[in-house]
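Read through the structure below, which is laid out as structure tokens, and then see the notes.
Numbered from 1 within each chain, the chains take letters A, B, ... in sequence-line order. What you see is a predicted model; the values in this text were computed from it and never measured. Every heavy atom of this structure was used, including side-chain atoms; hydrogens, water molecules and symmetry mates were not.
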Amino acid sequence: MSEGSVYLTKEDVRRKAEEAKNIRFGDYPSGISYLSGKGGIGHLLEEKHFGYRANSRPEPDFKEAGVELKVTPYRVGPNATYTSKERLVLNIIDYMKEAKATFETSSFWTKNKRLMILFYEHRDQVPIADWFISFTLLYEFPEVDLIIIRDDWRRIIETIRAGKAHELTESATLYLGACTKAAKATNTRPQPYSPIPAKPRAYCLKQPFMTYLLRNRVLKIEDEEKIVKNAGELQESTFESYMYSRIAPYIGWTQERLIAEFLTAEAGSRPVGSIQLPKNINEILIARIFGLKGRVSKTAEFMKAGIIPKTIQLEPDGQHVRESMSFPVFHFIDLVDEEWESSGLKEMFDTTRFFFIVFRKQEVGTPTLEGAFFWNMPASDLGQVREVWKKTKSIAINGVEFSEVGGRQRNNLPKASENRVSHVRPHGRDGDDTDTLPDGSTITKQCFWLNNTYIAALIAEWKDTKE
DNA sequence: GCATGATCATGC
DNA sequence: GCATGATCATGC
């Protein structure tokens with residue numbers, strides 16, 4: 001085989017990639033034999049379409065053209081919603097070597113600065129032999145993305161340099177992640193500044209970023225509001241410190257003052273206090289601080305990084321939090337078939353960064369803005385969530401026990417009092433909003449919550465680091 | 001109509 | 001007053 005050398009320019013690669021469109025995978029010579037097992041479709045395209053042998057060399061697949069080939073699945077959901085099915089896994093991180101690199105000499109940048117991405121639709125009810133490439137994208141990171149990716153890379157490398165490669169997590173960064181690579185927990189590799197063995201990890205473009213590429217760069221169907229209007233604004237700071245600097249002028253302001261500043265024009269001449277405030281007033285105010293018409297969660301940056309904004313209200317003492325934090329409803333039928341390692345809950349906390357917006361209630365008058373911070377769940381706390389998840393699964397399998405107390409249903413799902421971090425509680429419209437248990441009976445819809453006491457502890461920690 | 005974020009309400 | 005069950009409000 002020619003090791004890719006017939007493709008001398010990126011245009012050669014792009015042209016050949018175009019030819020892959022609409023060819024059924026099963027129609028390639030001996031194509032079927034590639035289609036079982038992970039990475040099979042990628043290998044099929046490399047060998048049977050582009051005509052070179054799969055490899056894991058440090059240079060890009062098409063060395064002369066400086067292009068790395070990637071093949072990746074997406075799903076089409078209800079209302080023609082296109083979503084990347086997975087993160088895009090790039091090269092494995094050699095902790096020993098990478099710790100000595102600069103961004104420009106890093107294995108990530110050496111191999112992946114230019115990507116030829118082939119997208120195929122993952123269709124559940126259709127044999128893989130009938131799937132095919134539908135879109136192609138020759139992707140070179142634009143400066144607005146690169147400025148965040150450089151910072152993501154720096155965070156990953158600083159974690160390794162601090163002797164904490166074993167604490168790496170995909171949720172600590174925004175677009176470029178360090179995702180786990182091994183199937184078994186026993187598979188580890190050495191790190192340079194600590195004797196503790198670390199899980200093997202690879203660089204990846206996180207799943208929300210891939211969804212963004214699909215929707216905005218390939219299909220060109222979305223154009224979200226941006227928080228950062230031009231990349232130059234991030235020249236002197238990271239995205240996160242930029243966010244703080246935008247909020248800083250309003251810290252200490254009351255809700256009332258913020259409403260007067262940002263919402264009076266919208267509300268007309270109605271005086272503040274005469275109308276019922278929306279439940280998401282704090283999120284609306286933060287959005288206006290950033291000059292947004294829509295929601296913070298719908299901005300380009302939050303969509304691309306999959307950051308989830310959450311507002312928190314502190315009690316007037318500045319220490320307690322009354323309410324626990326809810327997450328989307330889970331379905332018991334799905335839960336009992338999941339394993340923790342591949343569960344939706346673990347995946348979310350493993351990959352998601354949160355943006356906590358903190359207000360503090362006042363003894364008199366409206367709450368004040370205390371500040372905001374980014375957070376991701378540390379591995380040790382995720383271990384606690386695992387215990388709650390396992391107990392929930394076990395109860396679901398063995399049968400939820402119900403009793404009735406004063407017209408209110410009681411159950412034996414994990415309570416806030418049983419675990420430091422998390423519990424399970426109802427989350428529906430009302431008592432008639434139900435889910436089905438494995439035995440066919442019904443239960444009010446439930447979700448995992450983070451305990452109010454855990455949230456309060458996170459806030460205390462944040463306040464400590466501020467000072 | 002429903003999912004989701006957020007908050008209310010009751011019993012102990 | 002806290003823990004847990006129940007429900008509201010927004011926005012898609």
Side-chain angles (χ1 to χ4, degrees), chain A residues 77-83 215 221-222 224-225 255 263 266-267 275-288 292-299 302-303 306-317 319-332 334 344-345 348 352 354-361 366-367 372 375 388 391-392 395 400-436 442-457:
Chain A
N79 305 321
T81 324
Y82 286 72
T83 317
R215 292 183 189 172
I221 51 175
E222 291 205 2
E224 298 95 350
E225 273 193 287
Q255 233 178 32
L263 299 182
E266 292 177 30
I275 49 166
Q276 175 85 36
L277 289 174
K279 276 189 169 180
N280 61 344
I281 181 65
N282 290 341
E283 195 214 331
I284 293 172
L285 290 171
I286 290 292
R288 296 303 182 276
L292 301 167
K293 294 189 188 73
R295 318 177 66 167
V296 176
S297 62
K298 298 291 179 190
T299 58
F302 275 59
M303 294 291 286
I307 303 165
I308 298 181
K310 293 268 189 188
T311 58
I312 299 165
Q313 298 230 64
L314 280 170
E315 293 301 294
D317 66 8
Q319 293 181 21
H320 291 87
V321 177
R322 182 180 145 78
E323 303 298 344
S324 296
M325 184 178 281
S326 67
F327 289 89
V329 162
F330 66 80
H331 297 284
F332 284 90
D334 301 335
L345 190 67
M348 180 191 66
T352 305
F354 292 85
F355 183 55
F356 289 153
I357 301 147
V358 185
F359 279 77
R360 177 174 174 175
K361 294 182 202 167
T366 57
W375 175 82
V388 176
K391 187 167 179 195
T392 305
I395 291 171
V400 179
E401 291 170 21
F402 292 104
S403 57
E404 197 154 311
V405 179
R408 291 159 80 92
Q409 213 176 43
R410 303 261 319 172
N411 64 51
N412 62 334
L413 291 164
K415 312 274 174 259
S417 48
E418 298 172 33
N419 185 281
R420 179 173 61 83
V421 178
S422 175
H423 66 279
V424 173
R425 244 180 48 224
H427 189 191
R429 276 187 307 284
D430 53 40
D432 297 327
D433 199 11
T434 57
D435 189 40
T436 307
T442 56
I443 183 171
T444 49
K445 282 184 183 167
Q446 308 276 324
C447 79
F448 289 92
W449 298 68
L450 290 182
N451 299 353
N452 58 337
T453 48
Y454 179 67
I455 302 292

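For dA9(B), its base sits under 3.5 Å from the side chain of R322(A) at one donor and acceptor pair at least.
Both H320(A) and N412(A) sit near DNA chain C, but only H320(A) has its closest nucleotide nearer the 5' end. Between V329(A) and K361(A), the residue whose closest nucleotide on DNA chain B is further toward the 5' end is V329(A). Along DNA chain B, the nucleotide nearest to H331(A) and the one nearest to P426(A) differ in position, and the one closer to the 5' end is contacted by H331(A).
The phosphate of dT4(C) has OP1 or OP2 within less than 4.0 Å of a side-chain N or O from S417(A). Regarding contacts with the backbone of dA6(B), every side-chain N or O of Q313(A) stays at 4.0 angstrom or more from both OP1 and OP2. Under 4.0 angstrom from either OP1 or OP2 of dG5(C) there lies at least one side-chain N or O belonging to K415(A).
Atom-to-atom, CZ of F402(A) to P of dT4(C) comes out at 16 Å; the value is rounded to the nearest Å. One atom, CD of E283(A), and another, C1' of dG5(B), lie 8 Å apart when rounded to the nearest Å. Rounded to an integer number of Å, the gap from CG of D430(A) to P of dC2(B) is 11 Å. Rounding to whole angstrom units, CG of residue L314(A) and P of dT7(B) are separated by 12 Å. Atoms CZ (R425(A)) and C1' (dC2(C)) sit 11 Å apart, rounded to a whole Å. Between the NZ atom of K298(A) and the P atom of dT10(C) there is a distance of 17 Å, rounded to whole Å. To the nearest angstrom, P of dC2(C) lies 14 Å from CG of N451(A). Rounded to whole Å, atom C1' of dC2(B) lies 14 Å from atom CG of D435(A).
Side-chain contact check for P426(A) versus D433(A): every heavy-atom pair is 4.5 Å or farther apart.
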Item to check | Worked check of side chain to side chain contact (heavy atoms under 4.5 Å, CB included) between Q446(A) and T392(A) | outcome: CA-CA 11 Å; Q446(A) 308 276 324; T392(A) 305; over 6 Å; no

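Residue-level contact check: S326(A) touches the bases, meaning some heavy atom is under 4.0 Å from a base atom. Backbone-only contact: T311(A) has heavy atoms under 4.0 Å from sugar-phosphate atoms and none from a base. Nucleic acid contact class of N411(A) (heavy atoms, under 4.0 Å, all strands): sugar-phosphate only. Within the 4.0 angstrom heavy-atom criterion, base atoms lie near H427(A).
Comparing dG5(C), dG11(C), dA6(B) by their closest approach to the side chain of W449(A) singles out dA6(B). Of the candidate nucleotides dT4(C), dA6(C), dT10(C), dT4(C) has the atom lying nearest to any side-chain atom of A416(A). Taking only side-chain atoms of R429(A), from C-beta outward, the nucleotide of dT7(B), dA3(B), dG11(C) with the closest atom is dA3(B).
Between H427(A) and W449(A), the ring planes lie tilted relative to each other; the angle falls in the 30° to 60° range. Classified by interplanar angle (parallel below 30°, tilted 30° to 60°, perpendicular above 60°), the ring pair W375(A)/Y454(A) is perpendicular.
Annotation: ring pair (Phe, Tyr, Trp, His ring centres under 6.0 Å) contacts of F330(A) (sequence neighbours excluded): F332(A), F448(A). Listed by chain and residue number, nothing satisfies the salt bridge (charged side-chain N to carboxylate O under 4.0 Å, His left out) test with D334(A) (two or more places apart in sequence, or in another chain).
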